[in-house]
**Q** 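Below: one structure in structure tokens.
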Amino acid sequence: MIKVLNVAEKPSVAKSVATILSRNQLRVRDGRSRYNKIFEFNYSINGQQCHMLVTSVTGHLMEVEFEDRYRKWHSCDPADLYTAPIRKHVPEDKLDIKRTLEEEARKCHWLVLWLDCDREGENIAFEVMEVCRGVNRNLTIRRARFSALIERDIHEAAQNLIAPNQWFSDAVDARQEIDLRIGASFTRFQTMLLRDRFVIDSAQDDKNLVLSYGPCQFPTLGFVVERYWEIQSHEPEEFWTINCTHRSDEGLASFSWMRGHLFDYTSSVILYEMCVEEPTATVMKVQQQEKLKYPPYPLSTIELEKRASRYFRMSSEQTMKVAEDLYQAGFISYPRTETDCFSSRTDLHTIVQEHQEHPVWGSYAQRLLDPGTGLWRNPSNGGHDDKAHPPIHPTKFSAGESRWSQDHHVVHFLLLVSTFAWQSFFSFWSNLAVMAFTESLKFSYSHFLQRLYELVVRHFLACVSQPAVGAETVVEIDIAGERFSASGRVILAKNYLDVYRFESWGDSMIPVYVQGQQKSDGMKLWAKLKHVRALDMFNPTALTLDSGVTRPPPLLSEADLLSCMDKAGIGTDATMHDHIKKLLDRFYVTKDANTRFSPTNLGEALVMGYDDMGYELWKPNLRSLMEYDMKEVSMGNKSKAEVLATCLQQMKACFLDAKVNKVKLLEAMAIFFNRSDRSNGDDSSALGENVRPCGLCQEANMVLRKNRDGNFMVGCSGYPQCRNAVWLPGPVLEATITNNICNSCTPGPVYLIQFKFRQLEIPPGFNVNHLGCVGGCDETLRQLIEICGTGSRAQARGRPTTTTPSNGPPTTTPRNPQRSNSRQAPCIYCYQTGHASTDCPSRISATRHVQSHGINQQNGESSIPCSTCGTPCVLRTANTANNRGRKFYSCSSQACNFFVWEDNLNNGSAPRSAPRPNISNSASNPSRTGGRGRGVQNAGRAAGVTFVSATGEPISGRRCFVCGDPSHFANACPSRGS
DNA sequence: GCAAGGTC
């Protein structure tokens, strides 16, 4: 009998496959890993009797890493990481699984791979193959291709085994390598460049702060920053709209102006006056139609995360944790799925049947199953299918498990923690506090479990329900040539909305209207029978000219962020929440109570730095291009080697360029953070840039450094073990390592340095700019050192004299930090000693303002309380074409959109609005005043009137722009009218 | 100390 080793991607799949193939006639035994059991049974594959062993891995078995020589951060120039050798190996925590595979593979003839049928799954398959082949070269290897864990699919897959797909696996290998090289190089570069130079206040422990860069995390950060900049640069603009209301016995109708709104006040007033003078409204059109509101598509992971965030304010990370636990406990299907359509083979009725007994939604489930109600509808297709998992749906009935909170392993963990705490504390009160804390965690976790389960069940029931039906009436009227419209809706059948309580679709009744000139006898009769007075003409109850201001978009919510990532292909359904969490963990963003994200100073500075360099490293395009290439590899259109070569070459060029332009990052950081004295405490600060391999210790690299006096040297990164150093001429003002390599000096490569000298300190005949080599071949450097020394101030302090042989390189001398540490020269800006000119506090404070795109926000200047919400306003400077340089106050609360131009503030009196340029004398404009006055009287407008923004959202809580009084708006302000 | 992707 042939012995077949079957390997699945996860234990649950191994169990399902084994159960289906064996028809539940199987034996289970433990492997070396406690989670990955081995199932045994007999099975026939294409008539061949087989003894099947089914086991699993837990996702990827291997990790890709740099060779040991490159693992330490200072071991090499980060640029070397684009070519440093890498290896794929099984990490410590996966060794048990590896051993199980080896032991079983030795005894088997065939290896059948049941990994998920996507690119990652294929790659894991090759990892499993590598391990198994390592101990049994004669294995026959086959791949099982299945799209769902249902009997038909699994049996079909077992009888139609195919060959593994090398292209799919190659695509993942390429992705892994690119991610590692880009991520590690940029992370090391920006961390070493910035961490010690600035006081980054967000971090508790600066020493361990890592400023990571990743091809997924940075574009995610980019979305947050971009929206923040959009808000910052938004300049509120006042607009005007005419509103008409009509109240009759049958109700109230609010007609909105079909022009929407106008930004030109005079035009608005003219049109408004025309309406006021001829206010009779003629009904021009009455349109009645049936409207359907469809239930959502079946639930995918991203949709689950978005909805849980929207409905329950759960973070995506929390949602995935809770969903995983529900899945482990068997209550819901696999929670990581892109699929939003059910297979025609899924038995949807049985799932609904299970819920008939539920105390809350049981009766709805019963109605669904009753053909007489006509409530059932086959779910619609969302158009996504990952071919591995069905949409998330309930798999086990629960009537609200009170035991969830006690049974669950997460709670077990919490209990363990509390037990530990119990043993650690002796005080009774401490124990009580720990117990209370544990209880509250249990309660809140159980609460999350129940809410998410409810969402999954209700969503599923909604999917198989008819859409809600409404009768909508749209009425169009004409007043003095201006068109207005109002709509009303009557819900005829709620259908899915009965169970999907998270969505609503309200009734809004309006009086009955009929089209003017066409009121037929039939219509009159109908109106009479209905006891309503059908109107074809009427006089508005109120006709108002209302003002509003355009508002910036809101900060990105978690659901918005997930949508952005999904749309741009950043991350996968299983990892998106990880990227969001990483931004929070790295102090790049913060999340407020409304689940809205703002960048921190650190996040904004990093994006600003790269943006100023002109790179789109923080935009999603890079990842999209990579994804495109990966797809090409998986389809066999491009080879892995080809994609790796081009992509890494481009990224290395980009990285080297970023290094050259690192000053942009430093400048951006300097806007938000104070310089740190940590980097000055040392003799010199490492720029982390490789100049050449160290010829003395032959282990580390020589890197370019600048000491606190501003003098440059090239020292071994192995300091203090290796004290090899090359001192550079004193007049060096700037030194930047280039990508050019010296042709003659060894050991190489020796990168040439672009020098800029202080004009007044170099002898005549020498050029201010010089591309030099520190390897020993550079005659110019040698002569300059001979003439000028290696820094007059350092020499004056008695640093070891540098000898410069006439025909040799600048001398290598041991460094002596103690002797080069003192600094006496006064700062050129403030004439104080104790700091370098580059770190002068007077300069830092002068440049320390937050600079955003479109807005210069000046901190520390006097502010006024917002007249709308009382939150302090921030003084900003407009940077738009029309108002560049003009200052305005805007409310610092995100929930409020108050703003006022500074030049309109009247000696500290209440803020008033800025007149628009084309109506600068509008306060004394009789037509404007007259129009407004009559309007107010006509309309009888009350304080509760709502402003509507440009995006159609109501703006609540606004006050008059002119005097701040909430009882009226700017257009009705008595002060302006007079 | 670094990425992103699987998964317990």
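Just so it is clear, the model here is predicted, and its values are computed rather than measured. Note on naming: letters A, B, ... go to the chains in the order of the sequence lines (proteins, then strands), and numbering restarts at 1 for each one.
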**Q** Between B:dA3, B:dC8, B:dG1, spot the one nearest the side chain of A:Pro11, thanks.
**A** B:dC8
**Q** Any sub-3.5 Å donor-acceptor pair from A:Asp385's side-chain atoms to A:Thr339's backbone N or O?
**A** no
**Q** Of the listed nucleotides (B:dG6, B:dC2, B:dA3), which one gets closest to any side-chain atom of A:Asp179?
**A** B:dA3
**Q** If you find the nucleotide of DNA chain B closest to A:His60 and the one closest to A:Tyr327, which residue's nucleotide is nearer the 5' end?
**A** A:His60
**Q** Which part of the nucleic acid does A:Gly571 contact within heavy-atom distance under 4.0 Å: base, sugar-phosphate only, or nothing?
**A** sugar-phosphate
**Q** At less than 4.0 Å, is any side-chain N or O atom of A:Arg336 found next to OP1 or OP2 of B:dC8? Yes or no.
**A** yes
**Q** How many whole angstroms separate atom CD of A:Glu127 from atom P of B:dG6?
**A** 12 Å
**Q** Any side-chain N or O of A:Arg586 below 4.0 angstrom from OP1/OP2 of B:dG1?
**A** no
**Q** Short question: side chain of A:Asn123, backbone of A:Ser169 - any donor-acceptor pair under 3.5 Å?
**A** yes
**Q** Counting the atoms with a prime plus P, OP1 and OP2 as sugar-phosphate, which does A:Leu180 contact under 4.0 Å by heavy atoms, base, sugar-phosphate, or nothing?
**A** base
**Q** Thinking salt bridges, do A:Asp96 and A:Arg99 make one under a 4.0 Å N-O criterion?
**A** yes
**Q** Nearest whole angstrom, please: distance from the P of B:dT7 to the CD1 of A:Ile124.
**A** 7 Å
**Q** Counting distance only, does the side-chain N/O of A:Arg195 pair as donor-acceptor with the main-chain N or O of A:Gln190 below 3.5 Å?
**A** no
**Q** Between A:Asp196 (CG) and B:dG1 (P), how many Å, whole number?
**A** 16 Å
**Q** What is the nucleic acid contact for A:Glu65, judged by heavy atoms within less than 4.0 Å: base, sugar-phosphate only, or nothing?
**A** base
**Q** Measure from CG on A:Asp573 to C1' on B:dG6 and round the result to the nearest Å.
**A** 11 Å
**Q** At less than 4.0 Å, is any side-chain N or O atom of A:His579 found next to OP1 or OP2 of B:dA3? Yes or no.
**A** no
**Q** Of the listed nucleotides (B:dC2, B:dA4, B:dG6), which one gets closest to any side-chain atom of A:Cys216?
**A** B:dA4
**Q** Contact class for A:Asp116 (heavy atom, under 4.0 Å): base, sugar-phosphate, or nothing?
**A** sugar-phosphate
**Q** Looking only at side-chain N and O atoms, does A:Glu122 offer a donor or acceptor that is under 3.5 Å from a partner on A:Asn165?
**A** no
**Q** Determine the contact category for A:Thr191: base if any of its heavy atoms lies under 4.0 Å from a base atom, sugar-phosphate if only primed atoms, P, OP1 or OP2 are that close, otherwise nothing.
**A** base
**Q** Check the distance between B:dA3's C1' and A:Arg175's CZ and give it to me in whole angstrom.
**A** 9 Å
**Q** Counting any heavy atom closer than 4.0 Å, what does A:Arg34 reach on the DNA or RNA strands: base, sugar-phosphate only, or nothing?
**A** nothing
**Q** May I have the distance from A:Lys88 (atom NZ) to B:dG6 (atom C1'), rounded to whole angstrom?
**A** 11 Å
**Q** Taking the side chain of A:Phe66 as its heavy atoms from C-beta onward, which of B:dG6, B:dA3, B:dC2 lies nearest to it?
**A** B:dC2
**Q** Using a 4.0 Å heavy-atom cut-off, does A:Arg623 contact any base of the nucleic acid, only the sugar-phosphate backbone, or nothing at all?
**A** sugar-phosphate
**Q** Classify the nucleic acid contact of A:Glu9 as base, sugar-phosphate or nothing, counting any heavy atom under 4.0 Å across all strands shown.
**A** sugar-phosphate
**Q** Would you indicate what A:Gly59 reaches in the nucleic acid, counting non-hydrogen atoms under 4.0 angstrom: base, sugar-phosphate, or nothing?
**A** base
**Q** Is the phosphate of B:dC2, meaning OP1 or OP2, less than 4.0 Å from a side-chain N or O of A:Tyr70?
**A** no
**Q** Does A:Thr575 or A:Tyr35 map to a spot on DNA chain B nearer the 5' end, using the closest nucleotide for each?
**A** A:Thr575
**Q** Would you say a side-chain N or O of A:Arg195 is under 4.0 Å from OP1 or OP2 of B:dC2?
**A** no
**Q** Counting only side-chain nitrogens and oxygens, does A:Ser212 get under 4.0 Å of the OP1 or OP2 atom of B:dG1?
**A** no
**Q** Remember a base hit wins even if backbone is also touched, and classify A:Val64 as base, sugar-phosphate or nothing at under 4.0 Å, heavy atoms.
**A** base
**Q** Grab the CD-P distance between A:Glu338 and B:dG6 for me, whole Å please.
**A** 9 Å
**Q** Under 4.0 Å from OP1 or OP2 of B:dA3: is there any side-chain N or O of A:Gln217 that close?
**A** yes
**Q** Hey, does the side chain of A:Lys582 come within less than 4.0 Å of B:dA3's phosphate (OP1/OP2), counting only N and O?
**A** yes
**Q** Which atoms form the tightest heavy-atom contact between A:Ala329 and A:Lys396, and what is the distance?
**A** O-NZ, 3.1 Å
**Q** Hey, does A:Thr58 reach any base, or is it just sugar-phosphate, or nothing, if we go heavy atoms under 4.0 Å?
**A** base
**Q** With the stacking rule set at 5.5 Å and 30°, tell me whether A:Tyr213 counts as stacking on B:dA3.
**A** no
**Q** Quick one: which of B:dG1, B:dG6, B:dT7 gets closest to the side chain of A:Tyr334?
**A** B:dT7
**Q** Separation of A:Glu122 atom CD from B:dG6 atom C1', in whole Å?
**A** 14 Å
**Q** Angle between ring planes, A:Phe655 versus A:Phe189, binned at 30° and 60°: parallel, tilted or perpendicular?
**A** perpendicular
**Q** Return the orientation label for the A:Trp114 and A:Phe146 ring planes: parallel under 30°, perpendicular over 60°, tilted otherwise.
**A** tilted
